[in-house]
Every structure is written in structure tokens, then in C-alpha cells.
Amino acid sequence: MKKVILVLAVFLACNTAFAQKLERIEPMFWFTGMHNPKLQLLVHGENIASTTVSLAYPGVKLLKVNKVENPNYLFLDLVLSPAVKPGTFPINFSIQGKKIFSYAYDLKNRDKNANRIQGVTTKDFIYLLMPDRFANGDQSNDVVKGLAETALNRDSMYYRHGGDIQGVMNHLDYLKDLGITTVWMTPELENNMPQASYHGYAVTDHYKIDPRYGSNALYKKYVETAHAKGMKVIKDIVHNHIGTGHWFYKDLPMKNWLNQWSKYTQTNYRDQTVMDPHASAADRKQMLDGWFVPSMPDLNQTNPYVQNYLTQNHIWWIEYAGIDGLRLDTYPYNDPAYMADWALKLQAEFPKLTVFGETLVSAAANQAFFTGGNTVNRGFDTHLQGITDAVLKDAIYEGLNGKNGWVDGINRLYATLAHDFLYKNPNANCIFLDNHDMSRFYSVVNEDFDKYKMGMAILLTMRGIPQMYYGTEILMKNFSNPDGLVRADFSGGWESDKKDKFIANGRTEKENEAFNFVRTLASFRKSNAALQTGKLMQFVPQDDIYVYFRYNNTAKGSVMVVVNNTDKEKTLSTERFAERTSGITTVKNIITGEHSAFKTIKVPAKTTLVLELN
């Protein structure tokens, strides 16, 4: 009987061994010299929890092997010595002392090149683009067999169009000539979803560039190429949710990897519930834990394994590619305590890294609530450097389109900036006029070219870090109902395009005027210290004229911005601005290049004057 049992045990052990399959280890490699010595490896494979794990490498200690609900997962806690050397070592998986497979794990040197991870500052001008809609540099990856969506149709706003990372790389010189210093693409990670996979916000593999955009190696090359041209790169990341096509959604490590509900529950999209002292706990939970849409499962960021996975993934991409900044999608929907911890961990590894969160909210106080410093009595510091300043964007629109009144029209812009005391550092906010989720700027101002120039002049002289949506420089237009209408292709990015808007000969006269207007302001911004690092002083609007200054220590070199949003020419006396203009006798109009006396200034109707004080 004992022999039968022994034979059966050997038989079962052998068959169990044959059933083992190592699918992946993430992060697939790591780096020496990191501030945090801890590393948690996610291991996924069929029945992997039945194996014994071992490794032997000087400076690397396997502290703990964590088993979870799903036997197809292990989480390995490693500690890396500060003295650990780069190299490769096997992680062995065994059953009853017999090795069945191993994974060659690489530790790489951190790249100390000074041209990496520089941070994005008020000296920069960001260009936001959607890679699928900007330019097709590699037609061979337009359709990738085996993915859930293989449709390619440029006549539809919802299918893939074929744009890719190589297409962006091919036009970096165009962007540099325009005056752009920083490129921000909507997420480039794999979105293996059956429809509308082009937008990038339904990630299905956190460690893989979508093959229709390129490869991890190409993305790294893109960042390095941008740096070589004196430009920076922002990566758009999503903490809050994934796509239903994600590999770990199909085989969850544990039930509480996601925020689970007894029946499908969508977020209420109410950011107020997070900050409202009178809010219902149920409303707050629905805001934070409800799913964004049915195709985007909500990650449970109170789960420590989820926390480690996301944080390490972001650190990995920054170190691997040398990224300069991060834009955090749907920031208010994330777990606040985790996001504060996340920010501290990334700051510890990358002190120069710039981070700003998307906060499409309705008031300055709501925005400030999410920023660092505990300035609005939140009770803890989020350590978030800045936000996407949607409230300022709305105020600029009101200043351009509204009828002037005590709190309306141009006075809204004045009043909004007066709330900057709410922020620890308002200059860290990313300011903008539109993006991929909203109606295009040129359409919102009813295709009024004067208002277009007014808005662009404000954007490029205002406090904060300016961002422009692709195609704004050539007057691309449309409304966001549905969103796809504001995500049209940049003409000239495809070989079959009849017109190439990347070159002057392909643009209309008005498009060239818009392009040159933006380029002139962006070029001036690059050379003017007051716009790059200066303070802002604004004056109460009088006679429907709004005036603000960007300045450093002396009046000379300061920039005076004069906004006349009326249909009438105005004459402005400069006497009331004496505290910013002492000793100034002449000014230079940045757009026309003309010099004129400073005592009185003629301000044409519907004009924003940008004047350098001489």
C-alpha cells in the first residue's frame, strides 16, 4: 500500500510540474541604486503558487514569497542592497526540490545622464497630441493581427487611423520650429480593446507600448531624440482604471484587486464629494470606487499589491526612458492617501520630475484641494505639484466671449487669478485653452480670428506652464459632441494627404498667420526672463481694459499685457501702472516689432497687446 501511495505521489508531482507555466514577471527588470531598496515582483503563471522560489545573487535578498487568492500568482518581496551590482541572475521555480524553470532577471545601472528626467517648468511650452491622429510614420504597424481591434478607417472618428510614435518623431523639428519645448502624447501603452482603442486610456498591458504605435525600444528612442533636440517629454498615465482587455482583468490576482460592487456601479463624477465636509459617505465612495465606464474597471488603490504594482510601473518607465514629467489622468477619482504616498515615492527617486493632475472641476478651491501644501485645510499634504487649470481656461473664455460686468467678461479672469492664494505654487499649474476631451478653442470663440489671437496671447504670457492642443496653431476646429470630432488627423501626417499643413506651402494664408502668431509669441517667451520665471501683477479692469504685468526685479524687460475685449478701440493712460513701470519711456509690440512711446497706448478692438518694456 505504501508503494502505491509513493508511486501516486511521484505521478502527481510530475504531472503538476508539467502543468506549471511562467507567463510573466513584472517589472521584467529593475535598476541598481534606487532610493527605495524594496522591490515587489508580480509573477503570473498557471498554478505558479505551487512552486518554491529561490534565488542567489550578492546584494539581493528574497525576503518573502506572498501567495494570494489566485494560485496563478505570486508576489515576491525583494530587498536590494545599496551596493548591489548590475547583472543577471536566475529566479528559480521548483517543485519538491526539482527546478522546473527559471527566469533570468536583469539589474541594470541607472542612467545618470544629465539630459534625462529634467522636469517641466514655466520656461516650457507643452504640445498635447494624440499619436493615432498626428502622423503615420510606419505603415507596417497600422494593423496588428491578434489584437481585438484591427479596423483601420480614417473616415471614422472611432477607429484607428494609423498614427504612431515614429510619426511624432518625424515631426519633432516642426514642433521645435513652432517654439514647442515639451511634447505630451495621450497614453501610448497597449489598449487591446475591441473598439475606440486609439485614445489610450483603457490600458491592457502596463509594461508594453501599443504595437500599433511602436515598441518600448522605439518609445525610449523617441524620448532620447527629443532630448537631443533640446525638447522634453511628458507621459500620460492612468492610476484609476484599466481596460477590460487587460491581461490581469481576465485572471484577477484577488477579488479586491478591483473595486467590486454587487451590481455595476458607475462613479457619480462629483469631485465635491471628496472635499465636502457635509458629504454622504456613500456618495464619496461612489465617486472614488465607482467605475468610470463599464469598459474601464476601477482599480482598488487601497490594496497594497495594487499600490506597489502601479508605483513601480511608473518608476520603471521614468528610469527606463528618461521621461521629464507625468500627467495624471482623472486625478480626483483616485484614493487620496495612496496618491500622496505615490508622489513622495516618485519625488524620492526623481527630484526634478514634474507631475500635474487632471482636475476638470468648476472652481479654484476645488482645484487647490488636490494640490500640495494643505493650503485649503484639507488635513494632509497631497504632494501634487500642480493641476490642469480648467478654471482659468473657463475664465479666459468668459473674458473673450462674455459681456463685461462686475463679475462677468474680463472681470472673471481678474477674479479667478485673485484666487491664486489658494495654491502653494500656482506657477506649477498647467494652463490651457482646450484638449482632447473638449471643444476646440477656435470653435469656442466662433472662429473669430481676433479672439483666437487674444486667447493665444494670454495663454503664452500668463502664469503657469502653457499647453496647446495639436492643430491649434493651424486653426483646427470642431465641437466635442461627440469627442471624436475634436480628434481629427493633422493634415500632412499621412502620405495620401492632399495637403501638408506641416509646411508653409500647404497652409492657407490665415493658417500661416495663426502659425506665425503662435511662433512669434513662443519665440519671445523663450528669450524673456519675465515670462519664464517672473511674477504676475494684475490691475483691476477699468473701462473694460484688463492689464497685467510679468516682471522680475526691474521694470526693464518686463512684459505688459493689455486686453481689450470690446468692439471699440481704447486709449489707455499708463499713469496708474507706475509701480511697475518706473523709468520706462518706450515699449515694443512683440507681434509687430514696433516701438512706441509709453505715456498713452492705443489698444485696438478685440486685441491683446503684448508689450516689452524698454
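Since we're looking at a predicted model, the values are computed, not measured.
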Undergrad: Under 6.0 Å from the ring centre and within 45 degrees of the ring axis: does the NZ or CZ of K510 meet both conditions for the six-membered ring of F449?
TA: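 Yes; both conditions hold, so K510 lies above the ring face of F449.
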
Undergrad: Pairs in or reaching into residues 477-493: which pass salt bridge (Lys or Arg N to Asp or Glu O under 4.0 Å), with residues at least two apart or in two chains?
TA: R154-D489, D437-R487, E447-K477, D483-R487

Undergrad: Counting heavy atoms not belonging to N377, are there more than 12 under 6.0 Å from its CG?
TA: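 Not more than 12 within 6.0 Å, no.
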
Undergrad: Above 12 or not: heavy atoms from other molecules or residues under 6.0 Å from NZ of K526?
TA: yes

Undergrad: State which residues pass side-chain hydrogen bond (donor to acceptor under 3.5 Å, both in side chains) with Q367; sequence neighbours excluded, sorted by chain then number.
TA: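 Expected list: D389, Y423.
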
Undergrad: Is the backbone N or O of Y331 less than 3.5 Å from a side-chain atom of E358, with the two atoms forming a donor-acceptor pair by type?
TA: no

Undergrad: Look at the side chain of T520 and the backbone N and O of I591, then say whether any donor-acceptor pair between them is shorter than 3.5 Å.
TA: no

Undergrad: Just jot down the side-chain hydrogen bond (donor to acceptor under 3.5 Å, both in side chains) partners of Y174, sequence neighbours excluded, or say none.
TA: E473

Undergrad: Can a side-chain donor-acceptor contact be found between D381 and N374 if the only test is distance below 3.5 angstrom?
TA: no

Undergrad: So, T600 side chain and S573 main chain: donor-acceptor pair closer than 3.5 Å or not?
TA: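 Such a contact is absent between T600 side chain and S573 backbone.
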
Undergrad: Main chain of R519, side chain of S523: is a donor-acceptor contact present, judged purely on distance under 3.5 Å?
TA: no

Undergrad: So with a 6.0 Å cut-off around NE2 of H419, is the heavy-atom count from everything else above 12?
TA: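 Counting other residues, nucleotides and ligands, NE2 of H419 stays at 12 neighbours or fewer.
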
Undergrad: Looking at Y198, is R133 sitting on its ring face, NZ or CZ under 6.0 Å from the six-membered ring centre and within 45 degrees of the normal?
TA: yes

Undergrad: For the residue pair W184 and I126, what are the closest heavy atoms and their distance?
TA: CB-CG2, 3.8 Å

Undergrad: Decide whether T472 and Y452 meet the rule of one side-chain donor and one side-chain acceptor closer than 3.5 Å.
TA: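 Note: T472 and Y452 side chains miss the donor-acceptor criterion.
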
Undergrad: Once side-chain hydrogen bond (donor to acceptor under 3.5 Å, both in side chains) is applied, do any residues pair with Y333, and if so which ones, sequence neighbours excluded?
TA: none

Undergrad: Give a yes or no answer on whether the side chain of N564 reaches the backbone of P604 with a donor-acceptor pair at less than 3.5 Å.
TA: yes

Undergrad: With sequence neighbours excluded, what pairs up with F432 under the ring-ring contact (aromatic ring centres under 6.0 Å, His included) test?
TA: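 Applying ring-ring contact (aromatic ring centres under 6.0 Å, His included) to F432 gives none.
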
Undergrad: Among residues at least two apart in sequence or on other chains, which ones pass ring-ring contact (aromatic ring centres under 6.0 Å, His included) with H241?
TA: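 Checked H241 against ring-ring contact (aromatic ring centres under 6.0 Å, His included); matches are F292.
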
Undergrad: Which residues pass the ring-ring contact (aromatic ring centres under 6.0 Å, His included) test with H383, not counting sequence neighbours?
TA: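 If we apply the ring-ring contact (aromatic ring centres under 6.0 Å, His included) test to H383, skipping adjacent residues, there are no hits.
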
Undergrad: May I have the list of side-chain donor-acceptor pairs in residues 410-418 shorter than 3.5 Å, sequence neighbours left out?
TA:
{"residue": "N411", "atom": "ND2", "partner": "G405", "partner atom": "O", "Å": "2.6"}
{"residue": "T416", "atom": "OG1", "partner": "R412", "partner atom": "O", "Å": "2.8"}

Undergrad: Could I get the full list of side-chain contact (heavy atoms from CB on, under 4.5 Å) partners for E579, not counting sequence neighbours?
TA: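 Only M537, F539 meet the side-chain contact (heavy atoms from CB on, under 4.5 Å) criterion with E579.
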
Undergrad: With a sphere of 6.0 Å drawn around NZ of K588, does it hold more than 12 non-hydrogen atoms of other residues, nucleotides or ligands?
TA: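 Incorrect, the count does not exceed 12.
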
Undergrad: Looking at F515, does the NZ or CZ of R507 lie under 6.0 angstrom from its six-membered ring centre and within 45 degrees of the ring axis?
TA: yes

Undergrad: Is atom NE2 of H35 surrounded by more than 12 heavy atoms (other residues, nucleotides or ligands) closer than 6.0 Å?
TA: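 No, because the 6.0 Å sphere around NE2 of H35 holds 12 heavy atoms or fewer from other groups.
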
Undergrad: Considering residues, nucleotides and ligands other than K424, do more than 12 of their heavy atoms fall under 6.0 Å from its NZ?
TA: no

Undergrad: Among D544, N404, T607, which one satisfies side-chain hydrogen bond (donor to acceptor under 3.5 Å, both in side chains) with N565?
TA: N404

Undergrad: Can a donor-acceptor pair be found, under 3.5 Å and without considering hydrogens, that links the side chain of E511 to the backbone of T508?
TA: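 Side chain of E511 to backbone of T508, a donor-acceptor pair under 3.5 Å: yes, one is there.
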
Undergrad: Could I get the full list of ring-ring contact (aromatic ring centres under 6.0 Å, His included) partners for Y219, not counting sequence neighbours?
TA: Y222, W317

Undergrad: Sequence neighbours excluded, which residues qualify as side-chain hydrogen bond (donor to acceptor under 3.5 Å, both in side chains) partners of K535?
TA: none

Undergrad: With sequence neighbours left out, what residues match R116 under salt bridge (Lys or Arg N to Asp or Glu O under 4.0 Å)?
TA: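 Per chain and number, R116 pairs via salt bridge (Lys or Arg N to Asp or Glu O under 4.0 Å) with D111, E319.
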
Undergrad: Does CG belonging to N589 count more than 12 external heavy atoms closer than 6.0 Å?
TA: yes

Undergrad: For side-chain hydrogen bond (donor to acceptor under 3.5 Å, both in side chains), just list the numbers for H227 and D324, CA-CA rounded to whole Å, side-chain angles, deciding distance to a tenth of an Å, and then say yes or no.
TA: CA-CA 10 Å; H227 286 166; D324 303 289; 2.6 Å; yes

Undergrad: Are the side chain of K606 and the backbone N or O of T566 linked by a donor-acceptor pair below 3.5 Å?
TA: no

